[in-house]
2 protein chains.
Amino acid sequence: MTSLAKPPGPAELTQERAKASFAVRNMTHYLDGGPKQTAVRERIMLQLERDPVWQVADHHDLTLQEIRERSMAKVRRAAHHVGNESMGLFKLRMELISVLDPGTWTRIGVHYGLFFGALRGGATPEQFSYWAQKGAVTLNGMVGCFAMTEIGHGSNVAGLETTATYDQASDEFVIHTPTLTATKWWIGGAAQTATHSVVFAQMIINGKNYGVKNFIVQLRDTTTFENLPGIVIGDIGAKMGRHGTDNGYIQFTHVRIPRSHMLMKHTKVNRRGEVKEPPLQQLTYGALISGRVAMVVDSGAIAKKALTIAIRYAAIRRQFGAKDGEPETKILDYAIHQYRLMPLLAQAFAMHFTGIEVNRMYEEMMDSMETLQPGDKRLGEVLEKLKEMHGTSAGLKAFSTWSTLNIIDQCRQACGGHGYSAYTGLASLYADFAVHCTWEGDNTILSLQGGRYLVGCYREAKAGKKQAGGVAYLNNLESLVSKQCSAKSISEISRLEVIEEAFWLVSARVVKKAGEDFENGIKKGLKEDESYEACSQSRLFATKIHSVGYLFHRFKGALERAPADLKPILEKLCMLYGFYAIAENTGPFLQYGYFTSEQIDWIRESVNALCLAVRENAIPLTDSFNLSDFMLNSPFGRADGDIYTAYFAAVQKAHKPGAIPTYFNKEISPLLHRKMEVEEVLELDEEDEE
Amino acid sequence: MTSLAKPPGPAELTQERAKASFAVRNMTHYLDGGPKQTAVRERIMLQLERDPVWQVADHHDLTLQEIRERSMAKVRRAAHHVGNESMGLFKLRMELISVLDPGTWTRIGVHYGLFFGALRGGATPEQFSYWAQKGAVTLNGMVGCFAMTEIGHGSNVAGLETTATYDQASDEFVIHTPTLTATKWWIGGAAQTATHSVVFAQMIINGKNYGVKNFIVQLRDTTTFENLPGIVIGDIGAKMGRHGTDNGYIQFTHVRIPRSHMLMKHTKVNRRGEVKEPPLQQLTYGALISGRVAMVVDSGAIAKKALTIAIRYAAIRRQFGAKDGEPETKILDYAIHQYRLMPLLAQAFAMHFTGIEVNRMYEEMMDSMETLQPGDKRLGEVLEKLKEMHGTSAGLKAFSTWSTLNIIDQCRQACGGHGYSAYTGLASLYADFAVHCTWEGDNTILSLQGGRYLVGCYREAKAGKKQAGGVAYLNNLESLVSKQCSAKSISEISRLEVIEEAFWLVSARVVKKAGEDFENGIKKGLKEDESYEACSQSRLFATKIHSVGYLFHRFKGALERAPADLKPILEKLCMLYGFYAIAENTGPFLQYGYFTSEQIDWIRESVNALCLAVRENAIPLTDSFNLSDFMLNSPFGRADGDIYTAYFAAVQKAHKPGAIPTYFNKEISPLLHRKMEVEEVLELDEEDEE
């Protein structure tokens with residue numbers, strides 16, 4: 001409709017950008033870790049944008065099989081890069097691919113994260129180079145998948161039913177699926193991609209079960225792609241999201257593999273079937289944590305994408321409130337819309353900085369672990385770090401993924417009716433992201449593990465062992481728990497130190513409550529596991545409050561390290577995150593007496609004021625995330641603000657106007673032109689009634 | 001895998017059913033409104049189940065166009081029933097269709113709810129019979145849609161841009177889309193179903209704008225289905241859910257219709273272009289409320305579907321906790337899993353009873369309105385009822401649809417990994433249901449309207465006007481707000497009367513807070529609308545707490561009226577709903593001093609105990625919802641418990657095992673068998689370096 005008045009949009013964003021109180025480019029550099037990192041990210045984004053293989057604009061109108069075919073082409077591209085760039089660069093590329101196309105990220109990740117990760121963590125150097133030569137690095141010759149989950153077992157890996165029985169005569173393991181519930185299920189890449197698999201199976205030697213170990217099993221002929229004899233692979237079909245990844249099921253019927261295909265870096269089995277277990281089982285857990293860390297990072301990245309879309313739209317959409325002759329009010333100017341989105345924007349920053357911090361901690365830990373020598377004096381220290389990393393990452397993975405799932409849905413709802421259109425991109429973002437709350441540890445179970453870790457720390461602290469890191473607030477518990485906020489006015493309360501102390505105190509109290517509930521169970525004669533089970537609810541609650549506070553502390557740390565020109569806006573965001581978190585969870589802050597009823601009212605007022613203050617920079621803040629239009633893949637997130645034109649064009653491109661439905665003659669015409677039989681009912685000549 | 005051990009399932013549910021402490025059939029009868037109603041529902045469910053047209057088992061593997069074709073066939077079936085059964089029966093049929101196939105429910109509802117509703121509410125008797133003769137009742141000759149929303153306007157109907165300009169010379173209205181943002185958008189049924197539309201447009205006569213009125217416009221030739229001249233209709237394509245409904249856009253370019261196609265029951269325009277406005281504008285709002293009431297009812301029905309699936313699965317799935325030789329623990333036996341699902345089960349009952357009550361109130365109100373005569377003395381009373389219905393239904397629609405959306409997602413997550421499979425049915429249930437939070441009034445805006453109503457009631461009560469119905473707690477505010485719970489122990493606190501008083505008090509306090517915030521704005525010199533805007537957050541919070549309490553009170557009422565044998569279990573559910581709602585929102589109950597910190601701990605303990613008690617009847621309670629396997633359409637919800645067999649069979653039926661991807665030669669083989677060029681890099685003979 002070129003003859004018509006231009007729809008609103010571009011001018012609005014220009015005005016918004018003029019209001020920026022900070023230099024957007026500086027913020028981008030700080031978020032990315034420096035100008036050099038920003039340049040690298042932009043280089044990768046440009047490469048993706050120009051490559052025909054990576055186009056996703058028409059994804060919403062493709063069939064499942066079309067999406068899968070496209071994603072396979074992208075897997076090939078990724079394999080090319082693995083051979084030609086550093087590990088660090090590839091990791092960054094993957095981070096960006098996750099924002100652009102989560103389904104393909106998973107399909108690539110199945111090989112390079114899961115299969116290859118299992119090799120790196122579980123293969124001897126000899127085994128590693130054997131599989132590398134077969135193509136495990138370049139995919140030239142093989143693609144791997146990761147057959148852990150079974151239809152009847154997900155969380156409880158120790159309870160898997162698949163067996164690997166050693167046949168000493170032939171020096172082979174026999175892999176077998178003994179029941180329907182033992183069927184390998186949800187195996188990403190199994191349906192249409194993988195030629196090989198890591199298989200988790202109970203290792204049985206001479207009738208003795210040594211528990212679950214990893215075996216490499218070839219699934220398909222690499223030339224014909226047919227299932228090998230004894231192996232049945234099927235497609236598990238339609239899923240909620242991540243359509244680019246082909247999940248499948250696998251059943252093994254007495255499939256024989258050489259003994260050397262068992263991964264033997266830790267547990268070793270020799271020709272005579274003798275088993276040598278590793279001295280420190282815990283050291284094998286490190287790899288498990290990497291997935292969790294990646295999801296904490298991904299949570300921040302995806303939250304930024306969703307928020308950019310919803311906030312840019314809110315700065316353009318106008319509705320209600322018009323006086324005669326004046327334009328209607330921007331929805332971003334409504335107090336309630338600010339309350340819906342600005343705290344979530346603050347939360348995205350908190351998650352971003354937490355992701356960086358947790359990633360750093362993880363890299364450090366892995367470095368110490370990989371350089372550990374037999375008899376190393378650092379062993380105790382490394383195990384301590386591993387414990388902290390394990391406990392902390394469990395709660396953070398759960399809390400971050402739940403938060404981002406909520407952010408996506410809030411953003412979608414904040415786009416009103418258009419949020420329900422596939423082209424807005426938020427519906428598929430939700431569907432794609434949702435699985436983060438389940439895989440690599442169901443969030444509820446991880447939260448309980450996190451709570452168990454916190455109860456452990458509480459008990460150690462009580463016994464006099466000093467706690468470090470994120471749980472240091474458990475030292476000197478007694479003096480902490482009696483503190484009360486002394487602020488006498490809204491201006492006195494509006495300080496980061498107040499929020500910090502509030503979270504220390506309340507985290508300490510909820511952890512203490514969980515710890516006491518646990519100890520009461522023990523006193524009543526419950527066994528340890530039973531007592532943990534009995535205090536599940538207080539453990540879960542402790543993890544939640546601890547994690548919210550953890551994010552706040554990470555954000556405050558990043559603020560302190562920030563360049564001076566960015567501090568004012570970051571301080572507002574940090575304070576908004578903290579106060580909003582309190583306002584949404586006032587219960588424990590009142591129950592444990594840190595805040596009074598009046599102070600809570602001040603905090604609510606403060607949240608409203610901070611929402612307004614952050615709103616003034618809302619568009620510059622989304623700009624600082626530096627996601628290109630291509631990466632956002634949503635007309636509603638367009639940087640130039642021309643959303644209505646772009647949205648209309650996208651819909652027109654996908655569907656020719658005036659098309660007559662293919663089923664018109666079959667289903668519509670017969671309805672419109674039918675003979676109304678009801679008018680011709682045969683009237684009986686009822687003699688009796690006369 | 002017939003040769004293998006039978007997977008767990010059937011025996012589990014048999015054991016669960018043996019534990020029932022109440023007669024399941026009696027509960028079904030009470031929920032349905034008597035044995036006769038149950039029989040009618042079962043008759044309709046059987047009819048749907050046996051009809052090939054209504055099959056939905058393979059829906060997850062169909063393309064958008066296939067789903068739409070199927071849903072059109074169902075529209076034809078529905079048209080048949082309209083001609084052959086009572087309105088009450090058809091309404092019940094539609095309730096069940098919504099549970100089975102929400103997309104088709106909407107496609108039928110677009111004509112029979114929206115288009116036909118607009119005719120009933122807006123046409124004169126003469127106009128009504130004209131359109132009835134054209135096929136508006138039977139669809140024999142026409143199908144209608146409802147063109148209200150535009151791409152630039154949804155919530156603010158008064159701001160629509162489409163114009164209907166009267167041309168006195170020809171006695172016609174000219175319908176026109178003046179800008180891109182005026183394009184009619186999201187119009188259900190427009191893309192592939194409708195021949196006619198109700199069009200909302202600004203009525204302009206002699207240069208004066210009389211505001212938005214309704215016009216009937218023919219869109220397509222009923223024989224060829226081509227767009228009529230001046231009309232462009234396009235498909236808006238892929239959506240988050242409700243794929244059975246074909247949403248489209250419409251642009252009118254100077255389209256002429258006879259003046260008589262304007263609906264004139266209320267506003268009338270004569271041949272000379274003179275306009276007669278109706279005396280009471282409010283009486284036209286009644287129809288708006290029907291959609292909200294239907295969604296409150298639908299929220300309860302869909303919650304029951306989701307809960308039946310998740311709870312039956314939880315009674316079969318076992319994970320962790322095994323001692324040697326013993327089976328693992330049912331996930332329903334974990335305290336945390338009970339805490340995840342049992343309160344939601346209680347909430348579904350609360351929503352069910354609230355739906356019945358609100359529906360009854362609505363029918364009564366419509367009866368009084370439709371029998372109202374000019375000069376009727378009941379007018380004041382009717383307008384009062386309309387105001388209450390309007391305010392109450394706004395908050396309840398928002399709260400119920402948000403609650404059910406949460407229930408579906410919690411149920412999906414509670415199914416762990418399998419919740420992410422399309423075949424579980426919860427992912428599509430979520431996607432289909434989500435739009436309820438947006439259409440017929442965005443939930444946030446409706447909550448604010450509900451809050452505005454509450455503030456109004458508060459101010460009336462303060463001025464001495466007695467409040468009735470759901471806001472009667474606002475009478476005698478002063479004596480109420482100082483009350484405190486006097487319970488001295490967990491057993492003293494565990495009474496329905498405690499919860500009832502707690503909600504009265506806290507609802508009164510949060511409404512009072514919103515009212516005071518509003519009045520403070522006025523004192524500061526804000527205009528009424530500005531002051532309402534300034535207290536948005538407290539209004540929203542007031543609506544939330546009021547609505548939670550409202551559901552509790554409806555549930556308590558239904559419990560009091562229940563047959564004696566059902567009272568014990570209903571009392572547990574009602575108490576669980578109330579205490580859980582408090583435990584999840586402890587903030588205001590502490591802030592306003594009704595409960596002490598210690599009492600809150602008792603309430604949490606009580607919730608855990610009630611979860612366990614309800615868990616004992618969990619399967620019988622899902623049985624009492626009486627949804628057949630066909631209606632549930634999920635192997636995980638099967639009444640016989642044989643979920644693993646059914647799930648595996650469904651996946652195998654949809655996808656032949658061992659299939660080779662169609663793109664193997666194009667995308668996979670070239671990856672596996674490529675020449676590694678990196679090995680052949682040309683080494684330059686660099687003279688300089690020698």
Side-chain angles (χ1 to χ4, degrees), chain A residues 1 4-5 7 60-61 63 69 72-73 76 83 139-140 154-156 179-181 186 192 222 225 227 232 234-240 319-320 335-336 339 416-417 420 422 427 435 438 442 536-537 586-587 590-591 597 600 644 651 654-655 657-658 660-661 663-664 667 671-672 674 676 678, chain B residues 1 4-5 7 60-61 63 69 72-73 76 83 139-140 154-156 179-181 186 192 222 225 227 232 234-240 319-320 335-336 339 416-417 420 422 427 435 438 442 536-537 586-587 590-591 597 600 644 651 654-655 657-658 660-661 663-664 667 671-672 674 676 678:
Chain A
M1 300 185 88
L4 299 178
H60 304 298
D61 294 297
T63 64
E69 179 170 339
M72 190 65 215
R76 288 172 67 191
L139 306 190
N140 183 27
S155 300
N156 182 14
T179 61
L180 173 61
T181 49
W186 278 112
Q192 303 188 326
T222 57
F225 220 61
N227 298 344
V232 175
D235 193 327
I236 69 161
K239 309 189 300 283
M240 182 170 177
Q319 205 80 174
F320 289 115
I336 206 73
Y339 192 81
Y420 204 67
V435 73
T438 303
D442 173 84
S536 298
Q537 202 202 318
T586 53
L590 285 159
Q591 187 175 5
S597 173
I600 290 289
Y644 290 110
V651 165
H655 307 279
I660 291 165
Y663 53 87
F664 173 68
E667 297 292 354
L671 171 70
L672 292 172
R674 76 194 189 278
M676 296 300 289
V678 73
Chain B
M1 299 185 88
L4 299 178
H60 304 299
D61 294 298
T63 65
E69 180 171 340
M72 190 65 217
R76 288 172 66 191
L139 305 191
N140 183 27
S155 299
N156 182 14
T179 62
L180 173 61
T181 49
W186 278 113
Q192 304 187 326
T222 57
F225 219 61
N227 298 345
V232 175
D235 193 328
I236 69 161
K239 308 189 301 283
M240 182 171 177
Q319 205 80 172
F320 289 115
I336 206 73
Y339 192 80
Y420 204 67
V435 73
T438 302
D442 173 84
S536 299
Q537 201 201 318
T586 53
L590 286 159
Q591 187 174 4
S597 173
I600 290 290
Y644 291 109
V651 165
H655 308 279
I660 291 166
Y663 53 87
F664 173 68
E667 297 292 354
L671 171 72
L672 292 173
R674 77 191 188 280
M676 295 299 288
V678 72

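Letters A, B, ... mirror the listed sequences (proteins, then strands); counts begin at 1.
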J.: Relative to chain B, which segment of A:Ala335 carries a heavy atom at a distance below 4.5 Å: side chain, backbone, both, or neither?
T.: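 When you check distances to chain B, atoms from both the backbone and side chain of A:Ala335 fall under 4.5 Å.
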
J.: Under 4.5 Å heavy-atom distance to chain A, tell me which part of B:Asp442 shows up: side chain, backbone, both or neither.
T.: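 Just the side chain, heavy atoms under 4.5 Å.
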
J.: Can you tell which part of B:Ala73 gets under 4.5 Å to a heavy atom of chain A, answering side chain, backbone, both or neither?
T.: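 Looking at B:Ala73, backbone and side chain both touch chain A.
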
J.: Counting heavy-atom pairs under 4.5 Å to chain B, which of A:Asn227, A:Thr586, A:Ile236, A:Thr438 comes out on top?
T.: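 It is A:Ile236.
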
J.: Looking at CD of B:Glu69 and CD of A:Glu667, how far apart are the two atoms once the value is rounded to the nearest 0.5 Å?
T.: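 So the CD of B:Glu69 and the CD of A:Glu667 are separated by 6.0 Å.
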
J.: With a 4.5 angstrom heavy-atom cut-off, is it the side chain or the backbone of B:Thr181 that approaches chain A, or both, or neither?
T.: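 For B:Thr181, side-chain heavy atoms alone lie under 4.5 Å from chain A.
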
J.: I need the minimum non-hydrogen distance between B:Met72 and A:Leu671, along with the two atoms involved.
T.: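 Result for this residue pair: CE-CD2, 3.7 Å.
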
J.: What pair of heavy atoms forms the shortest contact from A:Phe225 to B:Pro661, and how long is it?
T.: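 Heavy atoms of A:Phe225 and B:Pro661 come nearest at CD2-CD, 3.7 Å.
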
J.: Who among A:Thr63, A:Ile660, A:Val232 has the most heavy-atom pairs with chain B under 4.5 Å?
T.: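 The residue among A:Thr63, A:Ile660, A:Val232 with the greatest pair count is A:Ile660.
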
J.: What residue in B:Ala238, B:Pro657, B:Gly234 has the most heavy-atom pairs under 4.5 Å with chain A?
T.: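 Of the options given, most contacts go to B:Ala238.
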
J.: Under the 3.5 angstrom rule, does the side chain of A:Gln319 hit a backbone N or O of B:Ser155 as a donor-acceptor pair?
T.: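 Confirmed, A:Gln319 side chain pairs with B:Ser155 backbone.
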
J.: Let me know if A:Ser597 has heavy atoms under 4.5 Å from chain B in its side chain, its backbone, both or neither.
T.: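 Both parts, heavy atoms under 4.5 Å.
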
J.: Give, as side chain, backbone, both or neither, the part of B:Tyr420 having an atom under 4.5 angstrom from any heavy atom of chain A.
T.: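 Interface part for B:Tyr420: both.
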
J.: Looking at B:Arg674 and A:Asn140, what are the two nearest heavy atoms and their distance?
T.: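 Answer, listing the atom of B:Arg674 first, then A:Asn140: O-OD1, 2.9 Å.
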
J.: Check each atom of B:Ser536 against the heavy atoms of chain A and say whether the ones under 4.5 Å are side chain, backbone, both or neither.
T.: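 For B:Ser536, the contact with chain A is made by backbone and side chain together.
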
J.: Specify the closest pair of heavy atoms between B:Thr222 and A:Leu672, including all atoms of both residues, with the distance to one decimal.
T.: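 Looking at all heavy atoms of both residues, the closest pair is O-CD1, 3.8 Å.
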
J.: B:Tyr644 versus chain A, heavy atoms under 4.5 Å apart: side chain, backbone, both or neither?
T.: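 Both backbone and side chain.
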
